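Working notes for the structure below.
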Amino acid sequence: MEELRREALRTSPPIEKGSFRTPDLVDLATLGPTVHFDIRYATFNNFMGTPMYTEARAFLERPAAAALQRAGKRLATEGYGLLIHDAYRPWYVTKMFWDATPRKLHGFVANPAKGSKHNRGCAVDLSLYYLRTGKPVEMPSGYDEMTKRAYPHYAGGTELERKNRAALRRAMEAEGFTVDKAEWWHYDYRDWPRYPIINVAFEDLQNQVSVR
């Protein structure tokens, strides 16, 4: 893992041409008490088996964060709260994921040669929890599960699991997000092409990128 990290930190993100908005990341902890967090990449409970982040935090570009907040309000009327697993991801972490994942499973991870919507602060990995109990809802697969059960159109699982997945998708799509073709939990905000790839660790964000 340390070898992967050293290699990723030695490598630079792809050079992009064009004009981009200045990053303006919002800490999702400011969106209100009904937004809960389970930042797996700050723990050992992830597909890499080790913490990838030094802090359990989540950030999105301001328009995406506002859209997520609106989606959360829609879902609250149905008895759900948002459970955030990941959002902005430094580019070097994307490279580590790619390098550590077998080629046959590359459809589940972003190619660092192109950059990820996560790297732009315009993607969020999330699920739901029940407002009444505070417990996570049932979904057709686990988070970061690299199987066909993760596909948003997977027809298996229980009726309740599919109902919960559909509720999340309706609310997110109504606010300008699009679900990933292989992951029911991954949503990209429509403005992602307008933002540059960011390669700044969480602990350095305040000094290098606007964060509020």
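Values reported hereafter were calculated over all heavy atoms of this structure, with side chains retained and with hydrogens, waters and symmetry mates removed. What you are looking at is a predicted structure, and each value in this text was computed from that prediction instead of being measured.
For residues 130-141, there are no salt bridge (charged side-chain N to carboxylate O under 4.0 Å, His left out) pairs, not counting sequence neighbours. The stretch residues 187-197 participates, sequence neighbours left out, in these salt bridge (charged side-chain N to carboxylate O under 4.0 Å, His left out) pairs: R21-D191. Applying the ring pair (Phe, Tyr, Trp, His ring centres under 6.0 Å) test to residues at least two apart or on different chains, the pairs with a partner in residues 159-183 are F177-Y189. Within the structure, the salt bridge (charged side-chain N to carboxylate O under 4.0 Å, His left out) test picks out no pair touching residues 201-211 (sequence neighbours left out).
A donor-acceptor contact shorter than 3.5 Å is absent between the side chain of N119 and the backbone of I198. Counting only distance, with no hydrogens or angles, the side chain of H118 and the backbone of A87 share a donor-acceptor pair below 3.5 Å. Of the possible donor and acceptor atoms, one in the side chain of R162 sits under 3.5 Å from a partner among the backbone N and O of G157. Side-chain atoms of R74 never come within 3.5 Å of backbone atoms of E175 as a donor-acceptor pair (strictly under, hydrogens ignored). The main-chain N or O of T50 is found under 3.5 Å from a side-chain atom of N46 such that the two form a donor-acceptor pair.
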- Message: Pair E173, T178 - check side chain to side chain contact (heavy atoms under 4.5 Å, CB included), show working.
- Response: CA-CA 6 Å; E173 290 183 340; T178 302; 5.6 Å; no
- Task: Under the salt bridge (charged side-chain N to carboxylate O under 4.0 Å, His left out) rule, what do E7 and R10 come out as? Steps first, then yes or no, please.
- Result: CA-CA 5 Å; E7 175 61 25; R10 281 197 301 262; 2.8 Å; yes
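Partners of W91 by ring pair (Phe, Tyr, Trp, His ring centres under 6.0 Å), not counting sequence neighbours: none found.
Between I39 and Y53 the shortest side-chain heavy-atom distance falls below 4.5 Å. In this structure, the side chains of M139 and L168 come closer than 4.5 Å at one or more pairs of heavy atoms. Using a 4.5 Å heavy-atom cutoff, the side chains of R57 and D27 are in contact.
Salt bridge E2/R5: present, at least one basic N to carboxylate O contact under 4.0 Å. Using a 4.0 Å cut-off between a side-chain N of Lys or Arg and a carboxylate O of Asp or Glu, E161 and R149 do not qualify as a salt bridge.
Connection of L68 to L83 is not established within any shared hydrophobic cluster, with ILVMFWY side chains joined at heavy-atom distances below 4.5 Å, either directly or through further cluster members. No continuous path of hydrophobic side-chain contacts links F20 to L205 [ILVMFWY only; heavy atoms under 4.5 Å]. Y129 and W185 are not part of a single hydrophobic cluster, where members link through side-chain heavy atoms under 4.5 Å apart. No path of Ile, Leu, Val, Met, Phe, Trp and Tyr side chains, each step under 4.5 Å between heavy atoms, connects V137 with L131, placing them in separate hydrophobic clusters.
Considering every non-hydrogen atom in both D125 and H186, the closest pair reads OD1-ND1, 3.4 Å. Closest approach of A65 to V26, counting heavy atoms only: CB-CB, 3.8 Å.
Once rounded to the nearest 0.5 Å, the distance linking OH of Y130 with OH of Y80 reads 6.0 Å. Atom CG of L126 is separated from atom CG of D38 by 11.5 Å, given to the nearest 0.5 angstrom. The distance from the CG atom of L82 to the CZ atom of F37 is 9.0 Å, given to the nearest 0.5 Å. Between the CZ atom in F202 and the CE atom in M52 there is a gap of 11.0 Å [rounded to 0.5 Å].
The aromatic ring centroids of Y195 and Y88 lie 6.0 Å or more from each other.
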List the atom pairs, donor and acceptor, that lie under 3.5 Å between side-chain atoms in residues 103-115 and the rest of the protein, sequence neighbours left out.
| from | atom 1 | to | atom 2 | distance (Å) |
| --- | --- | --- | --- | --- |
| H106 | NE2 | W98 | O | 3.1 |
| H106 | NE2 | T101 | O | 3.1 |
| N111 | OD1 | A113 | N | 2.9 |

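For H85 and Y143, the side-chain atoms include no donor-acceptor pair closer than 3.5 Å.
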